[in-house]
Amino acid sequence: MKPVRKAVFPVAGLGTRFLPATKAMAKEMLTVVDKPLIQYAVEEAKEAGIEQMIFVTGRGKGALEDHFDISFELEATMRARGKSLQPLESTRFTPGAIVSVRQQEPLGLGHAVWCAREIVGDEPFAVLLPDDLMYGKPGCLRQMVDAYQKVGGNIICVEEVAREKTSSYGIITPGRSEGRLTEVTGLVEKPKPEEAPSTLGVIGRYILQPEIMRVLDNPRKGAGGEIQLTDAMAEVIGQQPFHGVTVDAVRYDCGDKAGFITANLALALDRDDVAPAVRAFIADLR
Ligand code: UTP
């Protein structure tokens, strides 16, 4: 079984639900406490043993690359003023560990993943959607890699969703279950509640085999007129092992305003440096 060494971060979406904040700034640069969403996802991937991060970006997303570059002026000024560079340490990567490719048109998540095919090559890879902030120890992708080492094939992260929300998710048809693993026998993108085969929704973490890129070579438009990753995954079911895994982590949907604010509150309350002031403010709320 080949190890999972590469991860694709599709970050070329338009982020329309967050306008006007995302007019000139990437959604993935939105900050939870003191780190942008992209950094939470990159740190999660690093913890899971990922060696190369592949950003699939679009126009106006240059800040994502700059964030993981050395800011020479900033560092020189901080050094001259005797300030610690420690807050910048987690943004440092060796050259080549973070690479990016452009998705020239936002044609859908499946298309975004396909844009990374030459860099991914012939090996399994992870996909992380940074707007799903997964908060857990060990991290979500680490837990998924552990599951992958047992069963191989394709692994997607699944979570129970409310039946009235199925039309916001990819939904699996579940097969046999064992512990946290459930065999996936079918997948459908954004089904109506009355048509959903279950209430197990796919969330933004995947471990996929490279053959999915061959399916995406000949894409078809799916839900919303977009090239959907879910449709491509559905085609490899039956040809390769395919499992859903529920992880021990909390998901904050930061693509959504309420989810983003909840994430800020929850993570702030988990931080010794900011929790006391935030807790005091909450206690005062009527
Ligand atoms: P979303 O469905 O959240 O779309 O994409 P979006 O454009 O980012 O946001 P809204 O709905 O307009 O507010 C899920 C993930 O897929 C990426 C997004 O960047 C996000 O990480 N994506 C989506 C692409 O990279 N390219 C696409 O063509 C579509």
Side-chain angles (χ1 to χ4, degrees), residues 6-32 35-45 53-65 67 98-117 119-120 125-134 140-141 156-159 161 165-171 187-191 201-206 208 212-213 216 219-233 251-261 263:
K6 301 185 181 186
V8 177
F9 299 76
V11 289
L14 298 177
T16 53
R17 281 172 293 163
F18 251 106
L19 285 170
T22 48
K23 186 180 171 199
M25 187 189 76
K27 172 171 73 171
E28 299 77 14
M29 288 303 291
L30 287 170
T31 302
V32 174
K35 279 193 290 195
L37 288 171
I38 186 71
Q39 194 175 336
Y40 287 96
V42 163
E43 286 178 6
E44 184 188 323
M53 321 280 169
I54 306 164
F55 292 175
V56 181
T57 70
R59 277 180 296 285
K61 300 272 184 168
L64 290 164
E65 287 150 8
H67 185 73
I98 295 192
V99 298
S100 66
V101 58
R102 284 259 179 142
Q103 183 190 24
Q104 288 141 338
E105 288 177 274
L107 298 178
L109 180 58
H111 180 258
V113 168
W114 177 80
C115 290
R117 69 200 176 286
I119 310 173
V120 164
F125 62 101
V127 177
L128 296 94
L129 307 188
D131 39 3
D132 268 342
L133 196 168
M134 300 299 290
C140 173
L141 192 64
I156 52 181
C157 193
V158 294
E159 189 176 276
V161 299
K165 294 261 174 74
T166 56
S167 57
S168 303
Y169 294 88
I171 300 288
L187 263 170
V188 54
E189 182 66 20
K190 300 188 170 61
V202 181
I203 57 177
R205 301 289 184 275
Y206 314 73
L208 300 171
I212 193 110
M213 296 296 194
L216 288 164
R220 57 187 172 87
K221 285 187 181 166
E226 295 194 352
I227 298 167
Q228 297 288 356
L229 182 60
T230 304
D231 296 339
M233 292 192 301
R251 176 174 74 104
Y252 298 102
D253 177 5
C254 292
D256 168 81
K257 287 170 205 168
F260 173 70
I261 290 164

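In listed order, ligands and their atoms are each counted from 1.
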Applying side chain to side chain contact (heavy atoms under 4.5 Å, CB included) to A112 and not counting sequence neighbours gives P10, V56, Q103
#### Entry: E65 atom CD, neighbour heavy-atom count above 12 within 6.0 Å
yes
In short, salt bridge (Lys or Arg N to Asp or Glu O under 4.0 Å) pairs touching residues 252-261 with sequence neighbours left out are none
Distance filter under 4.0 Å, heavy atoms only, around ligand 1 gives P10, V11, A12, G13, L14, G15, T16, R17, K27, E28, Q103, P106, L107, G108, L109, A112, D131
K27 side-chain N/O to G255 backbone N/O, donor-acceptor pair under 3.5 Å
no
Salt bridge (charged side-chain N to carboxylate O under 4.0 Å, His left out) filter on K190, not counting sequence neighbours, yields none
One should read off an interatomic distance between L129 CG and C157 SG, to the nearest 0.5 angstrom, of 10.5 Å
